[in-house]
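The structure appears right after this line, and notes come after that.
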Number of protein chains: 2
Amino acid sequence: MSSITLTPTSHLVLGLIAGTGPATSYDLKKLVGISIGYFWTFPHSQLYAEPVRLAEAGYLTAEEEARGRRRRLYSITGKGREALSAWLRDSSASEGYEIRDLGVLKLFFGGLVDSDAVRALAEKQMSMHRRVLGELETIEAGADGGGQLAFPLRTLQLGKQVSRVCLEFWTEVAERPDLSSA
Amino acid sequence: MSSITLTPTSHLVLGLIAGTGPATSYDLKKLVGISIGYFWTFPHSQLYAEPVRLAEAGYLTAEEEARGRRRRLYSITGKGREALSAWLRDSSASEGYEIRDLGVLKLFFGGLVDSDAVRALAEKQMSMHRRVLGELETIEAGADGGGQLAFPLRTLQLGKQVSRVCLEFWTEVAERPDLSSA
DNA sequence: TCCAGACCGTCCGATTCGGACTGGCCTAGA
DNA sequence: TCTAGGCCAGTCCGAATCGGACGGTCTGGA
């Protein structure tokens with residue numbers, strides 16, 4: 001029950017369990033993979049380690065299978081819910097916003113290669129964003145718009161919009177690889 | 001001269017030095033801070049450690065001040081230029097694209113709090129994106145559109161567009177915090 | 001019954017992180 | 001000229017993170 005500092009991973013785990021009920025680490029891994037993982041990847045080892053830490057600190061309780069695959073089923077506690085709610089309401093904890101995109105990093109150095117290479121990069125990025133957009137639309141189509149999923153679907157909308165903007169941007173780059181003005 | 005694997009940080013350092021000429025780690029830190037750092041932060045300790053690694057492996061050469069602050073000025077070598085160019089042209093190395101935004105993570109769990117809290121979050125995000133947008137426009141205004149900066153400015157355009165989309169998105173959320181449909 | 005392949009979990013070395021600290025340099029004011 | 005204080009520049013290190021590799025478990029079909 002030692003005191004720990006809560007990271008984004010902590011809040012993710014708490015939120016997932018609060019939202020969908022008791023879960024094993026594997027469940028978390030699957031949930032992340034089909035949702036938030038599209039924008040923000042969390043290493044699976046964290047999704048195993050983090051609930052242990054949270055349980056030790058009293059934010060979760062663990063129920064372990066006696067035999068076989070010693071799966072541990074985690075449930076959220078009152079303390080966990082409080083911490084989650086406090087974080088969700090804490091407007092000072094929302095700062096920070098990062099886009100890590102290898103393609104953009106390359107474009108930043110586009111002046112060091114010829115425009116054919118820039119065009120090739122742009123086309124590659126276009127196909128990537130088209131693929132992502134398609135996958136997001138598939139997920140969207142397969143989900144009922146109902147209560148539980150309303151907010152996750154909303155973040156998905158943002159993902160789609162960002163993807164679309166990127167697609168347009170790279171299309172423009174592919175058309176005029178060596179031009180700076182719009 | 002041992003062989004090392006090149007990370008995004010490696011390519012950033014190589015690209016910066018290739019693009020702007022010899023630089024110290026501190027120069028790199030400043031450069032990153034006013035440009036790519038807006039989307040992708042690199043810890044300063046990396047910006048000191050990475051050139052050392054790159055120099056050991058022959059991608060950079062270091063010239064150290066004899067006295068005083070023992071600053072090290074790094075220059076790129078032929079090997080460094082080749083590696084950078086190869087990376088820029090390697091279309092298989094562009095995968096990966098991540099958006100890490102605490103606000104979006106919170107929205108994902110929006111169903112667990114009341115709509116006032118969601119609205120407050122949205123408003124906070126709006127002001128953040130407005131601020132970022134303003135800063136990007138300031139940077140843009142202060143840069144001549146000339147050759148060297150053409151590609152960095154282009155990535156800045158993308159940053160602006162993404163920020164604008166986020167701003168619109170959060171505006172919509174602020175207006176209708178509890179509605180899922182557009 | 002046996003096997004293949006998916007499922008599930010753990011472990012660990014290597015890397016990354018960022019805060020804290022040290023010390024040099026510069027300028028202004030006495 | 002001297003020196004105090006603020007910025008400049010770099011180093012260090014414990015802690016957190018990463019992700020690959022491995023090992024055990026289960027299910028269904030031959």
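Naming convention: chains lettered A, B, ... in sequence-line order (proteins, then strands); numbering from 1 in each chain. Just so it is clear, the model here is predicted, and its values are computed rather than measured.
- Separating the CD atom of A:Gln46 from the C1' atom of D:dA16 is a distance of 8 Å, rounded to the nearest angstrom.
- Residue whose closest nucleotide on DNA chain D sits further toward the 5' end, between B:Lys30 and A:Thr7: B:Lys30.
- Atoms CD1 and CG, from B:Ile17 and B:Leu60 in turn, are 4.5 Å apart once rounded to the nearest 0.5 Å.
- Going from atom CD of B:Glu50 over to atom P of D:dT11 covers 15 Å, rounded to whole Å.
- Taking every heavy atom of residues 9-28 of chain A and every atom of DNA chain D, no pair lies under 4.0 Å.
- Among B:Leu107, B:Val118, B:Leu121, the one residue that satisfies the side-chain contact (heavy atoms from CB on, under 4.5 Å) test with B:Pro177 is B:Val118.
- Both A:Phe42 and B:Ser45 lie close to DNA chain D; mapped to their nearest nucleotides by heavy-atom distance, the more 5′-ward contact belongs to B:Ser45.
- For the pair A:Arg72 CZ and C:dG9 P, the computed distance is 8 Å after rounding to whole Å.
- A sub-4.0 Å separation between OP1 or OP2 of C:dG23 and a side-chain N or O of B:Arg71 is absent.
- Inspection of the A:Glu98 and B:Thr41 side chains reveals an N or O donor paired with an N or O acceptor under 3.5 Å.
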- Query: Between B:Glu172 and B:Arg176, does a salt bridge (Lys or Arg N to Asp or Glu O under 4.0 Å) hold up when you go through it step by step?
  - Reply: CA-CA 6 Å; B:Glu172 161 77 21; B:Arg176 298 193 249 153; 3.6 Å; yes
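- For B:Arg89 and B:Ser85, the side-chain atoms include at least one donor-acceptor pair closer than 3.5 Å.
- As rounded to whole Å, 15 Å separates atom C1' of C:dT16 from atom CD1 of B:Ile4.
- Here the P atom of nucleotide C:dC8 and the NZ atom of A:Lys29 are 9 Å apart, to the nearest Å.
- The interatomic distance linking A:Glu98 (CD) with C:dT16 (C1') rounds to 13 Å, in whole Å.
- Taking atom OH on B:Tyr48 and atom C1' on C:dG19, their separation rounds to 15 Å, with Å as the unit.
- B:Tyr26 and B:Leu14 end up in different hydrophobic clusters when Ile, Leu, Val, Met, Phe, Trp and Tyr side chains are linked at under 4.5 Å.
- Of the side-chain N and O atoms in B:Arg53, none sit less than 4.0 angstrom from OP1 or OP2 of C:dT16.
- Regarding A:His44, its NE2 atom lies at a distance of 12 Å from the P atom of C:dT10, rounded to whole Å.
- Using modelled atom types, no side-chain atom of B:Arg72 and backbone atom of B:Tyr48 make a donor-acceptor pair closer than 3.5 Å.
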